[in-house]
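Heads up, the thing below is written out as structure tokens.
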Amino acid sequence: MENTDILISGAGIAGPALAYWLRRHGFTPTVVERAPAPRPGGQAVDLRGAGRTVVERMGLLDQARALSVDQRGLGLVDRRGRLTARMPVELFEGEGIVSEIEILRGDLADLLHRATADDVEYRYGDTVTALAEDADGVTVTFENAPARRFSLVIGADGLHSVVRRLAFGPGGDHYRPLGGYHAWFTVRDPRIDLDGWFLMYNAPGGLVAGARPGRLPGEVKASLGFRCAPLVHDRHDTAAQQRLLTERFAGAGWEVDRLLAGMREADDFAFDSFGQIHLERYSRGRVALLGDAGYSPSPLTGLGTSLGLVGAYLLAGELASARGDHRTAYARYEDLMRPYVTRAQELPPGGLHGYAPDSALMIRLRAASMRWMGRWPLRAIMAAQFAKAGDIDLPDYTPAHA
């Protein structure tokens, strides 16, 4: 492949990770991102299993540990804030719902960006609007920048991927809703005492509120989720989304009113549905998909970060092994990644119903099941769920250029 230029759409976690490995293998990646600048903050994500191994092979694991958020584990609370069950970090050797290394999404993205900024071109405040593929490459049209030629295009632009829509067609056939919605945002309220725990509260009607410590004093990473049939809503209308959450959660109990008040002041509010992406193939022609764009497992699994990091490592390594022959590389990437994705997309026991029970009785049963997670037979079932993060043998690619 004479043209080593590869466009990556998306500068979250998977995109910069791919850029890192492509540069190590001698390619010339360019990353385009719709946001005007790197996005700070965000919720905590897990570094576990094979995803942690990839970060270790990048030589960034110690830096990631230094940025990790100190959390004691997951605790369930009742309406008055009393703990009804808890799962300490140590229970599953640091691989449980709250893992040994929890890092804010923005901190991990920044770490990957800094590791690539010196030799990777980043274009913020722009997005892909058209792809025209021919035998020698892809002409990419941008919203703002002039059109450019690339040998390959990789979509790492999330659940609502523009590249997936352009290359694969409308996403309705690829997106599988799971029956609910969730929001996440940062609240700065020292009155919410978490004592180092990720606290989760369930209310009847399929309502879930979560609060976990941030990295800074007085910073709370909040989440609100609920079960319902698909809604007709504008993904970009933040005010309408916050009104919806206020109506559904008003008077729900625990610290929810404080979370709602903080939500209206948050500068990082995000709202989306619970869903997964299922595709027959992760590539089409010269275009391939990576991370949530190609195989989102949904936040319920806790494996989205691992899939993005592992996918980036495999895709770059296979392109290098095939010396740029994208057909061979994409097929091998698919063969290696598909079994890992299939297992990662299996929802935890109970799925969304287990996460957001309908009734007071089911909420009590959820707490009881968590209290038994450290005992047979639930321990074995949950250990198998958590082990999925490491359920892949990563090839040892030797970079052509260090």
Side-chain angles (χ1 to χ4, degrees), residues 13 42-56 61 64-65 67-78 83-105 107-108 182 184 194-202 208-215 220-223 225 274 297-310 340 343-357 363 365-392:
I13 292 173
Q43 296 294 297
V45 297
D46 311 309
L47 276 186
R48 63 172 81 227
R52 184 174 59 232
T53 300
V54 170
V55 173
E56 185 176 23
L61 188 57
R65 286 185 184 276
L67 292 168
S68 64
V69 180
D70 186 17
Q71 296 184 22
R72 299 172 62 184
L74 173 68
L76 300 182
V77 295
D78 64 14
L83 272 171
T84 60
R86 63 181 182 176
M87 181 189 290
V89 169
E90 301 81 14
L91 182 58
F92 289 93
E93 290 74 44
E95 298 287 349
I97 294 177
V98 175
S99 68
E100 176 194 3
I101 305 178
E102 296 275 341
I103 181 171
L104 299 183
R105 179 193 175 282
D107 287 345
L108 180 56
H182 60 134
W184 55 100
L194 303 176
D195 194 27
W197 289 89
F198 173 13
L199 298 180
M200 187 174 292
Y201 168 65
N202 290 102
V208 187
R212 61 199 308 175
R215 190 162 53 83
V220 174
K221 297 298 180 177
S223 60
F274 285 106
S298 95
L300 294 176
T301 68
L303 294 174
T305 300
S306 294
L307 289 181
L309 291 169
V310 169
Y340 187 52
R343 289 187 291 271
Q345 289 187 323
E346 295 171 353
L347 297 178
L352 195 59
H353 289 264
Y355 168 77
I363 290 170
L365 289 175
R366 184 192 186 204
S369 68
M370 182 173 286
R371 290 194 295 270
W372 279 87
M373 279 184 185
R375 307 177 189 180
W376 185 90
L378 282 182
R379 184 183 179 94
I381 295 172
M382 295 309 299
Q385 177 70 27
F386 299 137
K388 292 177 183 178
D391 197 10
I392 186 172

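Residue numbers count from 1 along this sequence.
Going from atom OG1 of Thr301 over to atom CD of Gln385 covers 7.5 Å, rounded to the nearest 0.5 Å. A distance of 5.0 Å separates CZ of Phe92 from CE of Met87, quoted to the nearest 0.5 Å. Here the CG atom belonging to Leu76 is positioned 6.5 Å from the CG atom belonging to Asn202, to the nearest 0.5 angstrom. Note that OG1 of Thr53 and CG of Leu61 are 9.0 Å apart. Values are rounded to the nearest 0.5 Å. Annotation: the span from Asp70 atom CG to Arg215 atom CZ amounts to 12.5 Å, rounded to 0.5 Å. We find the CG-CD1 distance between Leu108 and Ile103 to be 5.0 Å, quoted to the nearest 0.5 Å.
The shortest heavy-atom contact between Val54 and Leu309 is CG1-O, 3.8 Å. The two residues Gln71 and Pro213 have their closest heavy-atom pair at NE2-O, 3.5 Å. Across Pro297 and Ala344, no two heavy atoms sit closer than the pair CB-O, 3.9 Å. Closest of all the heavy-atom pairs between Val310 and Ala50 is CG2-CB, 3.6 Å. Summarising the geometry of Leu47 relative to Ala64, their closest heavy-atom pair is CD1-CB, 3.7 Å, with the distance given to 0.1 Å. Of all heavy-atom pairs spanning Leu300 and Gly351, the tightest one is CD1-C, 4.4 Å.
Although no hydrogens or angles enter the test, the distance criterion places a donor-acceptor pair under 3.5 Å between the side chain of Arg379 and the main chain of Leu91. Under a 3.5 Å cut-off, the side chain of Arg72 and the backbone N or O of Asp195 do form a donor-acceptor pair. Of the possible polar contacts, none joining the Arg366 side chain to the Ala356 backbone as a donor-acceptor pair under 3.5 Å is found. When atom types are taken as modelled, the side chain of Tyr340 and the backbone of Ala389 share a donor-acceptor pair closer than 3.5 angstrom.
The side-chain heavy atoms of Pro349 and Met382, taken from C-beta on, include a pair separated by under 4.5 Å. Using a 4.5 Å heavy-atom threshold, the side chains of Leu365 and Pro357 count as separate. Glu102 has its side chain out of reach of Val89: every pair of non-hydrogen atoms, C-beta onward, lies at least 4.5 Å apart. Residues Val69 and Arg212 are not in side-chain contact: their nearest non-hydrogen atoms beyond the backbone lie 4.5 Å or more apart.
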Working for side chain to side chain contact (heavy atoms under 4.5 Å, CB included), residues Asp46 and Thr305: CA-CA 7 Å; Asp46 311 309; Thr305 300; 5.9 Å; no
Applying side chain to side chain contact (heavy atoms under 4.5 Å, CB included), run through Leu67 and Leu104 and close with a yes or a no. CA-CA 8 Å; Leu67 292 168; Leu104 299 183; over 6 Å; no
Are Glu95 and Arg52 close enough, and set up right, to give a side chain to side chain contact (heavy atoms under 4.5 Å, CB included), and what steps lead you there? CA-CA 11 Å; Glu95 298 287 349; Arg52 184 174 59 232; 2.8 Å; yes
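The aromatic rings of Phe274 and His182 sit parallel, their planes meeting at an angle under 30°, below the 60° perpendicular limit.
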